[in-house]
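Okay, structure first, notes after.
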Amino acid sequence: MKNTPGPRAGRKEWTALGVLMLPLLLVSMDVSILYFAIPYISRDLEPSATQQLWILDMYGFVLAGLLITMGALGDRIGRRVLVLGGAAVFGAASVAAAYAHSADLLIAARALLGLGGAALMPSTLALIRNLFRDGKQRGRAVGLWTAVMTTGISLGPVVSGLLLEHFWWGSVFLVNLPAMVLLLVLVPFLVPEFRASQPGRFDLPSAALSLASLLPVVHGIKELARHGYEPIPVLGIAAGLLLGLVLVRRQKRLAHPMIDLGLLGRRAFGGPVLADLLAMFATVGMAVFLTQYLQSVLGMSPLEGALWSTVPAVGVAVTAPAAAALAQRVDRACVMGGGFLVSACGFLWLTQVRTDSALWFVLVGASVYAGGLVAAMALANELALGAAPPERAGSAAAVLESGQELGGALGMAILGSVGAAVYSRDMTDALPAGVPDAETVRETLGGAMAVAARLPAGTADTVLTAARDAFTRGMGSAAIGAAAVMAAAGVLSLVLLRGAAGTRRPGAEGSTPGERPEGADNAPEPAVP
């Protein structure tokens, strides 16, 4: 199919994109913004250990479980309506969380934040499909969306640390309010309404099945990452997968399914979904190691470590625009594959990190892998969004983001397990005889540091040196795993997407291959703003 130029977006559309990036930044920040606040919350609300875990995890669980439902709902009732509703819920839940006077109320508020976030995330990406009909401009917009989403996760701890130096813990939630108010005021003037012209009936059983299948899978993977093998998380994952099969069978029978299985089976959409899943596998899986390395091995304060962890954004700022420009001349599958291979080189660089490595050495490796990953993800997101029919853009964006959530959970579990296994093995060999609480020391670096604080100076130094060395070797082993996955993602991009991805040539910047041009009989009918 020959690419045809689409109408170019003007100042209004780019301004609308800037406004839509605000909730995206805050929604992604909320995944990690409680890392520093938990000690203050624990002191005030006195949650049990189980409640503390739910305070941390409830937001991510609800967000992951409702993405597909909210994407399909936006296609039917209107994406602008869903953005406005999501902003209202997110703002109200932020106030409720900030002033929660019990752990249970805070958990409930975090669930509402997840509901609002699930309404906002697929809608912001789907609206890019409608606002930017020119392929080249849409590529830039999707690249910005991807960069903002990934940057928000690393900014969460920084913002949290800065606020907690001057205000009480509720301020980490109230920071959401100005952006949500701005969104509610400006979106009706800047963003026209988009919905499918013949959306079909919303299927409530499918929505329930999507939630019931994703939640136990994500929860089970995270529990396995925390505690190792236990039967209940494994049974939860199995139950979630079984319900997922029931959901797939139901979608095949529906005239207007919530998940377009035909679209998911196309190379130009299913391939990018898989690429994004693998990218988030490596991103989230390694993020925990780098944070602990900066704080527990190099001895930085939490805020100092969080600030330094934002440096890899420099790699993103360089490689993402370069990849977008290169994709104008070269098959995007080749550029995506190159991005994954660059990220693999960054992970291999990190295998050479030692306990006495210079800070710049660590940050260079992190910048290289982050730059390659975000470049590949931006192109994958653009390709998937362009391959989806305009009236299904919300559902398509939700499937894409659900794959990212699942990939992140898998990365945390698998790479975390690899690092933990190497740490435990090395500590078993290196730990001197007679050290008290040896089992705790062998489990985690944090446990070793807690035990060392109660030991005589000489023994404590021996334990800490061994623990930091073992942790660094564990991080190197996890980096080898991430590099292998990224190399596989690069090969898969070339095999699955070459030809399907196509090249955006100057002068032919409209539809992406496999995408029906705007104005075709399946295009959405913009509602009156």
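Just so you know, these numbers come straight off a predicted model, no measurement behind them. Just so you know, residue 1 is the first one in the sequence shown, and it goes up from there.
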Partners meeting side chain to side chain contact (heavy atoms under 4.5 Å, CB included) with Ala109 (sequence neighbours left out): Ala96, Ala97
Is the shortest heavy-atom distance from the side chain of Phe340 to the side chain of Leu373 under 4.5 Å? yes
Residues at least two apart in sequence or cross-chain that pass ring-ring contact (aromatic ring centres under 6.0 Å, His included) with Trp308, listed by chain then number, are none
Side-chain heavy atoms of Leu115 within contact of Met70, under 4.5 Å: yes
Hits for ring-ring contact (aromatic ring centres under 6.0 Å, His included) against Phe189, two or more places apart or cross-chain, chain-then-number order -> none
On a heavy-atom basis, the closest approach of Gly116 and Phe90 is C-CD1, 4.1 Å
Gap between atom CG of Leu350 and atom CE of Met475 - 0.5 Å precision: 6.0 Å
Sub-4.5 Å side-chain heavy-atom contact between Phe167 and Leu174: no
State the OG-CG distance between Ser343 and Leu278, to the nearest 0.5 angstrom. 10.5 Å
I need the minimum non-hydrogen distance between Ala448 and Ala467, along with the two atoms involved. CB-CB, 3.7 Å
Calculate, to the nearest 0.5 Å, the distance between atoms OH and OG belonging to Tyr40 and Ser171 respectively. 10.0 Å
Distance, nearest 0.5 Å, that separates CG of Leu190 from CG of Leu17: 11.0 Å
Partners of Leu45 by side chain to side chain contact (heavy atoms under 4.5 Å, CB included), sequence neighbours excluded? Ile41, Pro47, Leu106, Trp169
What is the minimum heavy-atom distance between Gly220 and Pro233, and which atoms define it? O-CB, 3.6 Å
So CG of Leu63 and CG of Leu113: to nearest 0.5 Å the spacing works out to 10.0 Å
Where Ala119 and Gly86 come nearest, the two heavy atoms and their spacing: CB-CA, 3.8 Å
Hits for side-chain hydrogen bond (donor to acceptor under 3.5 Å, both in side chains) against Asp104, two or more places apart or cross-chain, chain-then-number order -> Gln51
I'd like to check the salt bridge (Lys or Arg N to Asp or Glu O under 4.0 Å) partners of Arg468; sequence neighbours left out, ordered by chain and number. none
The side-chain hydrogen bond (donor to acceptor under 3.5 Å, both in side chains) partners of Thr69 (sequence neighbours excluded) come to Ser210
Which residues pass the ring-ring contact (aromatic ring centres under 6.0 Å, His included) test with Phe361, not counting sequence neighbours? Trp349
Can you find a heavy atom in the side chain of Leu383 that is under 4.5 Å from one in the side chain of Leu379? no
Identify every side-chain donor-acceptor pair in residues 175-188 under 3.5 Å, counting partners at least two apart or on other chains, and give the distances.
residue, atom, partner, partner atom, Å
Asn176, ND2, Ser94, OG, 3.0
Asn176, ND2, Phe173, O, 3.2

Validation row: Leu359, Met300 side chains within 4.5 angstrom (heavy atoms): yes
With rounding to the nearest 0.5 Å, note down the distance linking CG in Leu243 to CG in Leu209. 6.5 Å
Exercise: identify the closest heavy-atom pair between Leu120 and Ala87: CD2-N, 3.8 Å
Could you tell me if the side chain of Val422 sits less than 4.5 Å from the side chain of Phe471, heavy atoms only? no
Under 4.5 Å between any side-chain heavy atoms of Val451 and Val463, yes or no? no
Would you call Val62 and Leu66 a side-chain contact if the rule is heavy atoms closer than 4.5 Å? yes
Considering only residues two or more places apart or on different chains, which pairs with a residue in residues 115-127 satisfy side chain to side chain donor-acceptor pair (under 3.5 Å)? Thr124-Trp145
Residues which pass ring-ring contact (aromatic ring centres under 6.0 Å, His included) with Tyr369, listed by chain and number, not counting sequence neighbours: Phe347
The side-chain hydrogen bond (donor to acceptor under 3.5 Å, both in side chains) partners of Thr351 (sequence neighbours excluded) come to none
Where Tyr59 and Gly114 come nearest, the two heavy atoms and their spacing: CD1-N, 3.4 Å
